[in-house]
Amino acid sequence: MNTLRFLLGQELIELESVKPTLTVLNYLREEKKRIGTKEGCAEGDCGACTVVIAEVVDDRLHYRAVNACIVFLATLDGKQLLTVEDLKTARNELHPVQQSMVDSHASQCGFCTPGFVMSGFAEYQNRLHRLDELPEPQSDEVVTTHLTQVFAGNLCRCTGYGPIIEAGKTWLAQAEQSMPRKLIQALNEEEANTIAQLKAIQPQTSKTLTQAGQTYIQPDSIPALTDALAKLPGATLLAGGTDIGLWVTKQHKTLDTVIYLGGIEALKRIEIRDGQLEIGAAVTYSEALPALIRHFPRLEEYLYRHSSTQIRNAGTVVGNIANGSPIGDMPPVLIALNAEITLTRQGGQRHLPLEDYFIAYGKQDRQPTEFIECVRIPLLKSDAVLMNVYKISKRFEQDISSVSAAFYIELDEQQQVREARLCFGGMAATPKRATRCEQALLNQPWNKATVYAAAERLGDDFTPLSDFRASREYRLAVAVNLLKKFFIQQQSPTQATQISYTGGLIHA
């Protein structure tokens with residue numbers, strides 16, 4: 001049945017026709033008159049429009065805070081959408097997250113407050129039934145860091161974040177004390193009812209929705225996806241929408257045909273195979289984080305700086321590759337790690353080193369009938385590998401990089417450089433390796449003289465542009481200094497070389 005079905009709070013919504021690019025924000029405000037969800041930036045940056053999507057995962061509800069301004073309504077099929085209006089209890093009481101905000105005087109003008117509340121609500125609900133999976137109580141510093149991450153995608157101009165963090169500490173403590181641990185797995189009556197409702201409306205087959213000449217296709221399998229692409233080459237492929245959403249809200253593009261990948265279970269896999277970590281096209285950053293950090297610990301801080309909780313809950317690792325941005329944070333890392341992608345079409349596949357995917361600005365090696373099925377990242381070989389990643393941006397969190405860098409060095413028994421893969425973002429029209437710099441390192445001793453001399457070759461590798469994020473001269477100087485910094489950190493791990501920030505969440 002080609003009907004979009006989802007729960008809005010506890011109300012079942014069924015739509016037989018929907019515009020493929022209608023955002024959740026516009027639907028809520030203009031059609032349902034739920035104006036508690038605000039529009040601040042319309043690009044997923046400020047968090048004023050934060051809503052929560054609930055899905056059944058392992059027979060429990062899992063809650064995700066997302067930016068309603070760049071999530072398309074059609075992608076809610078089989079899910080529950082919760083807004084700030086849904087938090088009031090049957091006894092007309094405030095939710096603990098709301099009450100804590102009141103008690104801590106954590107709201108001033110109030111415009112951003114619903115977004116903060118919904119970010120907190122998602123965290124609170126996920127904790128409520130998962131305390132058996134949490135570590136022992138954390139220090140105040142760790143809890144503060146964690147809450148900073150929870151609210152990284154919510155901006156406030158007038159209150160300041162101190163009272164909001166203090167409110168968060170209150171409701172975090174309440175969530176952890178709400179039920180004895182032996183009862184954590186028991187779902188309350190409302191959640192059990194919601195789970196039953198969601199299971200009843202789970203999509204069973206591929207769907208097609210149309211409105212005003214636009215078409216939305218939701219395949220349920222890879223063959224169905226390749227068949228749709230064969231018939232409609234060049235259709236817009238949608239995964240998380242954190243980039244495509246801006247095409248609609250900022251560039252005002254009309255997308256005639258949208259094919260959504262999120263309904264294909266085979267694209268949601270994360271697994272180790274043949275010494276490689278494979279991540280499917282529909283895997284979000286939040287879902288991939290635990291595996292990426294476990295196998296590549298150096299990525300932890302970088303990944304938490306990559307974006308906000310809301311963006312990581314929607315955006316996908318493969319989507320960050322597919323859009324071909326020269327300033328995407330993940331491609332330089334993956335190229336330095338020698339990752340490859342699988343491009344799939346009807347009747348065949350091909351495997352491509354990721355660095356070969358990027359041809360020129362706005363041009364990638366993907367045919368109109370192909371899609372990127374997965375990315376494969378070789379696991380680190382041994383202790384002889386030196387690796388680190390860096391992001392330079394004006395804001396510490398959730399900001400586009402001026403320069404990003406990923407360095408992979410492998411040494412032989414004589415401490416000479418056997419392999420060097422140095423990749424930068426923001427330095428060229430595509431994510432690009434510093435090949436001349438690499439050549440200056442190969443077969444040379446890993447020492448200060450070698451590294452500093454090689455760093456000067458970066459001027460031969462790159463001629464950066466000047467724009468509003470950074471000048472050409474700044475970018476080149478930063479690139480040189482990052483390589484030098486990398487060497488210093490490897491040689492003197494205890495030497496302070498940067499502002500310390502522990503981005504690890506209390507639970508993933």
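For clarity, every value in this text was computed on a predicted model and none was experimentally measured. Note that the numbering runs from 1 along the sequence shown for the chain.
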Parallel, tilted or perpendicular, as decided by the 30° and 60° cut-offs, for the rings of Y124 and W171: perpendicular

Flag side-chain contact, heavy atom, 4.5 Å: V375 against M330: no

L4 side chain near Y216 side chain, heavy-atom distance below 4.5 Å: no

Which atom of I164 lies closest to which atom of A106, heavy atoms considered: CG1-O, 3.6 Å

Derivation of the side chain to side chain contact (heavy atoms under 4.5 Å, CB included) call for Q10 and N193: CA-CA 9 Å; Q10 297 301 318; N193 178 59; 3.8 Å; yes

Please tabulate, one pair per line, all N/O donor-acceptor pairs under 3.5 Å involving side-chain atoms of residues 260-273, not counting sequence neighbours.
{"residue": "E265", "atom": "OE2", "partner": "K268", "partner atom": "NZ", "Å": "3.4"}
{"residue": "K268", "atom": "NZ", "partner": "G262", "partner atom": "O", "Å": "3.0"}
{"residue": "R269", "atom": "NH1", "partner": "E271", "partner atom": "OE2", "Å": "3.2"}
{"residue": "R269", "atom": "NH1", "partner": "E278", "partner atom": "OE1", "Å": "2.5"}
{"residue": "R269", "atom": "NH2", "partner": "E278", "partner atom": "OE1", "Å": "3.3"}
{"residue": "E271", "atom": "OE2", "partner": "R273", "partner atom": "NE", "Å": "3.4"}
{"residue": "E271", "atom": "OE2", "partner": "R273", "partner atom": "NH2", "Å": "2.4"}

N/O donor-acceptor pair under 3.5 Å between E39 side chain and L25 backbone: no

T205 side chain to D220 side chain, donor-acceptor N/O pair below 3.5 angstrom: no

Separation between CG of L7 and CD1 of I53, rounded to the nearest 0.5 Å: 12.5 Å

Test item: side-chain donor near acceptor, S100 and T170, under 3.5 Å: no

Geometric class of the F116/Y161 ring pair [parallel <30°, tilted 30-60°, perpendicular >60°]: tilted

Shortest non-hydrogen contact from S402 toward A470: CB-CB, 4.0 Å

K207 side-chain N/O to T3 backbone N/O, donor-acceptor pair under 3.5 Å: yes

Side-chain donor-acceptor contact under 3.5 Å, S139 with E141: no

Sub-4.5 Å side-chain heavy-atom contact between Q310 and N313: no

N320 side chain reached by P331 side chain, heavy atoms, under 4.5 Å: yes

Side chain to side chain, L225 and L237, heavy atoms closer than 4.5 Å: yes

Check: N67 main-chain N/O paired with T50 side-chain donor or acceptor under 3.5 Å: no

Side chain to side chain contact (heavy atoms under 4.5 Å, CB included) between T316 and V283, worked out: CA-CA 5 Å; T316 63; V283 176; 5.9 Å; no

Stepwise side chain to side chain contact (heavy atoms under 4.5 Å, CB included) check, V403 with Y390: CA-CA 8 Å; V403 177; Y390 303 91; over 6 Å; no

Inter-residue atom distance L8.CG - L76.CG, 0.5 Å rounding: 9.5 Å

Verdict with reasoning, L277 to L379, per side chain to side chain contact (heavy atoms under 4.5 Å, CB included): CA-CA 7 Å; L277 174 63; L379 301 180; 4.2 Å; yes

Lys/Arg-Asp/Glu bridge criterion (N-O < 4.0 Å) met for D86, R34: yes

Ion pair K391/D399, N-O distance below 4.0 Å: no

Distance-only polar pair, side chains of R305 and S393, donor-acceptor under 3.5 Å: yes

Nearest heavy-atom neighbours spanning Q202 and Q204: O-NE2, 3.0 Å

Taking every non-hydrogen atom, the tightest pair across D329 and Y302: O-OH, 2.5 Å

Point-to-point distance, once rounded to the nearest 0.5 Å, from OG of S119 to CZ of R64: 13.0 Å

Closest non-hydrogen atom pair, G280 against V318: O-CG2, 3.8 Å

Nearest-0.5 Å distance that lies between atom CD1 in I244 and atom CG in L255: 7.0 Å

Flag side-chain contact, heavy atom, 4.5 Å: E123 against Q149: no

Reported CD1-to-CG distance for the pair I377 and L334, which is rounded to 0.5 angstrom: 5.0 Å

Over 12 foreign heavy atoms within 6.0 Å of CG, L12: yes

NZ/NE/NH1/NH2 to OD/OE distance under 4.0 Å, D467 and R475: yes

pair I279-E287: side-chain heavy atoms closer than 4.5 Å: no

K32/E11 salt bridge by N-O under 4.0 Å criterion: yes

N/O donor-acceptor pair under 3.5 Å between Q98 side chain and V117 backbone: no

pair Q80-Q197: side-chain heavy atoms closer than 4.5 Å: no

Approximate separation, where rounding is to 0.5 Å, of I335 CD1 and L354 CG: 4.5 Å

NZ/K19: more than 12 non-hydrogen atoms of other groups inside 6.0 Å: no

R157 atom CZ: more than 12 heavy-atom contacts under 6.0 Å: no

Donor-acceptor contact below 3.5 Å, side chain R312 vs main chain S307: yes

For the student: nearest non-hydrogen atoms of R29 and T37, plus distance: NH1-O, 2.8 Å

